[in-house]
Amino acid sequence: MATVESVNGPIDVEELGLTLIHEHFRVTDEATRFQFPHLYDEQAEWDAALSDANAVKGHGVRTVVEPSAMFLHRDARFSKRVADESGVQVILATGVYTYDHLPQALMNRSEDELAEIFVHDIENGIQGTDIKAAFIKCAADEAGVTPGVEKVHRAAARASKQTGRPIMAHSHPKRETGLAQMRLFEEEGVDPAKVQVAHTGDTVDLDYIERLLDTGCWIGMDRYGLDIYLPTEQRQATVLALLEKGHSDRMFLSQDWCSTLDYFTEAVEEQLKPTAAPNWSMTFLFEQVIPELKERGMTEEQLAQMMVENPKRWLA
Ligand SMILES: [Zn+2]
């Protein structure tokens, strides 16, 4: 029986059910909040997270994969509380979310030493708890594979090879970083079928997406509602084109929603939201995206493949 580590211990993959592969119950900057806690409202953050967990549960979601890592305020105890109070299963990662910067404490460690840190989270538990990481997160963005990014990718690769756990790699498709990221994993000898290249749905470039799929990886069509990166209509057209080409067995649908996000002050957020992400939420998929995809030809089988079968296969 294949199992996956959740915040409440291992669960049979058959119990994952309808799964959102990429959502965050809270994203804030760890250093800023530790130094300036008066900027943060713990109760409001908790209310937002629980309300989102209950809302997706109302749409039949049984599992939320939360790919928060270092620098995204991964907090195993907070995520466990969300799971305990909502009844939604939550799956966590280890890793570092950086586009280059690493603190001295990690810069002055080797790739192998960084890999050992990730392995600790997978085998012993996260942040002093017995909650184990189910996968490894890394990132490359507009700046591409910088020295810090390369180090984290190689460490993620080595931790994956040692533990057999899959990798989720945040990417920037407009710069085609996914291909460079896959090359790094290939150099390290990682089975490409263990890698999910997140945010591939931010482009309409089918040629790039198919070159990426040719490497053998999974792709995340996972930022529905973030119009600032790509409007919904273009995301829909891309997903439908890929479904027509038979790629439902390699894709995930999600929203990269953050119940709390501290990137902007409230005033700026109010200004940005109407154009940048007017419909963004943890339930947008169920309210608009999926009904529309079905109307335009997506079958129930394709939907189940992307949101039930693929999470099982990637996580196991
Ligand atoms: Zn994310």
Side-chain angles (χ1 to χ4, degrees), residues 7 22-53 64 66-85 90 92-111 113-118 120-121 124-133 136-143 146-153 155-156 159 168 170 172 198 226 228 256-273 276-277 280 282:
V7 293
H22 195 137
E23 312 292 340
H24 304 271
F25 288 110
R26 176 167 66 178
V27 169
T28 70
D29 181 67
E30 295 144 8
T32 308
R33 78 179 295 134
F34 185 79
Q35 296 303 336
F36 312 112
H38 66 279
L39 297 175
Y40 295 85
D41 182 343
E42 197 69 57
Q43 184 62 46
E45 292 169 3
W46 167 249
D47 292 345
L50 186 60
S51 147
D52 285 333
V64 175
E66 191 180 18
S68 294
M70 181 175 175
F71 294 137
L72 285 173
H73 193 190
R74 178 186 63 155
D75 182 341
R77 291 175 182 86
F78 186 88
S79 296
K80 179 174 171 15
R81 236 178 106 202
V82 171
D84 288 344
E85 299 230 356
V90 180
L92 295 183
T94 184
V96 182
Y97 178 83
T98 182
Y99 301 165
D100 189 32
H101 167 78
L102 288 174
Q104 295 289 345
L106 298 186
M107 213 153 66
N108 299 325
R109 282 176 156 90
S110 68
E111 280 105 347
E113 285 169 324
L114 188 50
E116 273 316 303
I117 294 174
F118 298 159
H120 171 275
D121 280 7
N124 297 70
I126 302 167
Q127 296 161 342
T129 70
D130 56 7
I131 298 168
K132 292 174 181 139
I136 307 147
K137 176 84 183 282
C138 56
D141 205 73
E142 209 167 353
T146 61
V149 164
E150 179 170 347
K151 185 172 204 167
V152 175
H153 276 63
M168 183 193 286
H170 163 113
H172 190 84
L226 278 168
I228 188 166
D256 200 10
W257 168 250
C258 308
S259 304
T260 297
L261 181 67
D262 73 345
Y263 284 14
F264 307 103
T265 61
E266 251 170 72
V268 172
E269 200 173 287
E270 259 167 52
Q271 251 183 344
L272 288 175
K273 180 121 173 121
W280 195 34
M282 213 185 267

Do [X] and [Y] have side-chain heavy atoms sitting under 4.5 Å apart?
{"X": "V268", "Y": "Y263", "result": "no"}
{"X": "H73", "Y": "C258", "result": "no"}
{"X": "F71", "Y": "H101", "result": "yes"}
{"X": "D100", "Y": "P147", "result": "yes"}

Do the side chains of D75 and R33 get close enough for a salt bridge, i.e. N-O under 4.0 angstrom? no
Between R26 and E66, is there a salt bridge with N-O shorter than 4.0 Å? no
Please lay out, stage by stage, how L50 and F25 fare under the test side chain to side chain contact (heavy atoms under 4.5 Å, CB included). CA-CA 8 Å; L50 186 60; F25 288 110; over 6 Å; no
Which residues pass the ring-ring contact (aromatic ring centres under 6.0 Å, His included) test with H24, not counting sequence neighbours? H22
Under 30°, 30 to 60°, or over 60°: which ring-plane class applies to W257 and W280, parallel, tilted or perpendicular? perpendicular
Please enumerate all residues that pass side chain to side chain contact (heavy atoms under 4.5 Å, CB included) together with T32, with sequence neighbours excluded. D29, F36, L39, Y40
Take T129 and K80 through the side chain to side chain contact (heavy atoms under 4.5 Å, CB included) test and state the conclusion after the steps. CA-CA 10 Å; T129 70; K80 179 174 171 15; over 6 Å; no
Quick check against the 3.5 Å criterion: does K137 have a side-chain atom that pairs as donor or acceptor with the backbone of G95? no
Passing candidate, side-chain contact (heavy atoms from CB on, under 4.5 Å) with T94, options R74, K132, H120: R74
